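See below for the structure under consideration.
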Amino acid sequence: MLILGGGYTAETATAAIDERRADLIAFGRRFLANPDLPARLRARRPLADADPATFYGGGAEGYTDYPTDSDA
Ligand SMILES: Cc1cc2nc3c(=O)[nH]c(=O)nc-3n(C[C@H](O)[C@H](O)[C@H](O)COP(=O)(O)O)c2cc1C
């Protein structure tokens, strides 16, 4: 089982799986900004960008407060 991660988009992740370069793709920042990331990817809905200003801040802001599509 090989899991790759780091800078993947829906398109590059799909290509890596289709071309058998990876078994799974890990998402970091995309998951912060899109708590419903699997649903958004499946539906090919647009992804929100994470705000780097809130990374490593020590609080909940930017970690657990991004809306899902259904919150919008
Ligand atoms: C705010 C933030 C916190 C992170 N914390 C950790 C961590 O605790 N341990 C870890 O191994 N990687 C951590 N990472 C790195 C991510 O797991 C991931 O490798 C990195 O974000 C690259 O993947 P991405 O391009 O999908 O975001 C963190 C990244 C971010 C942005």
Side-chain angles (χ1 to χ4, degrees):
M1 170 76 66
L2 179 64
I3 304 173
L4 298 179
Y8 278 89
T9 64
E11 292 74 22
T12 59
T14 301
I17 297 291
D18 288 349
E19 295 163 13
R20 299 185 181 276
R21 287 184 276 114
D23 298 298
L24 292 172
I25 301 297
F27 288 93
R29 290 164 294 176
R30 288 292 194 192
F31 237 125
L32 281 179
N34 300 272
D36 53 348
L37 183 65
R40 289 196 202 196
L41 292 178
R42 270 195 301 275
R44 300 180 192 280
R45 290 196 297 270
L47 300 182
D49 292 322
D51 178 4
T54 63
F55 292 170
Y56 316 111
E61 186 188 359
Y63 280 87
T64 59
D65 55 354
Y66 284 96
T68 64
D69 258 2
S70 56
D71 295 331

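Values below: every heavy atom of this structure, side chains too, minus hydrogens, waters and symmetry copies. Quick caveat: nothing in here was measured; it's all calculated off a predicted structure. For this chain, numbers begin at 1 and follow the sequence in order. Order of appearance sets the numbers: ligands from 1, and atoms from 1 within every ligand.
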In terms of residue, atom name and distance, what is the protein heavy atom nearest to atom 22 (C) of ligand 1? Gly6 CA, 3.8 Å
Any protein heavy atom lying closer than 4.0 Å to atom 9 (N) of ligand 1? no
Rounded to the nearest 0.5 Å, how far apart are CZ of Phe27 and CG of Asn34? 10.0 Å
Please tell me if atom 13 (C) of ligand 1 is touched by the protein, where touching means a protein heavy-atom distance below 4.0 Å. no
Decide side-chain contact (heavy atoms from CB on, under 4.5 Å) for Asp36 and Arg45; before the verdict, give the C-alpha distance in whole Å, the side-chain angles of both, and the deciding distance to 0.1 Å. CA-CA 11 Å; Asp36 53 348; Arg45 290 196 297 270; 4.3 Å; yes
To check your reading of the model: name the closest protein heavy atom to atom 1 (C) of ligand 1, its residue, and the distance in Å. Tyr63 OH, 3.2 Å
Look up atom OG1 in Thr68 and atom CG in Leu37, then write down how far apart they are to the nearest 0.5 Å. 12.5 Å
If you compare Gly5, Gly28, Gly57 by their heavy atoms, the one closest to atom 26 (O) of ligand 1 turns out to be Gly28
Counting only non-hydrogen atoms of the protein, does one fall under 4.0 Å from atom 17 (O) of ligand 1? no
Is atom 6 (C) of ligand 1 touching the protein, meaning some protein heavy atom lies under 4.0 Å away? no
For Tyr8 and Thr14, indicate whether the former's side chain and the latter's backbone hold a donor-acceptor pair under 3.5 Å. no
Atom 28 (C) of ligand 1: of Phe31, Phe27, Tyr56, the nearest heavy atom sits on Tyr56
Here the gap from Ile25 atom CD1 to Leu2 atom CG, rounded to the nearest 0.5 Å, amounts to 8.0 Å
Does atom 3 (C) of ligand 1 have a protein heavy-atom neighbour under 4.0 Å away? yes
Under the 3.5 angstrom rule, does the side chain of Asp65 hit a backbone N or O of Gly62 as a donor-acceptor pair? yes
Are there protein heavy-atom neighbours of atom 30 (C) of ligand 1 below 4.0 Å? yes
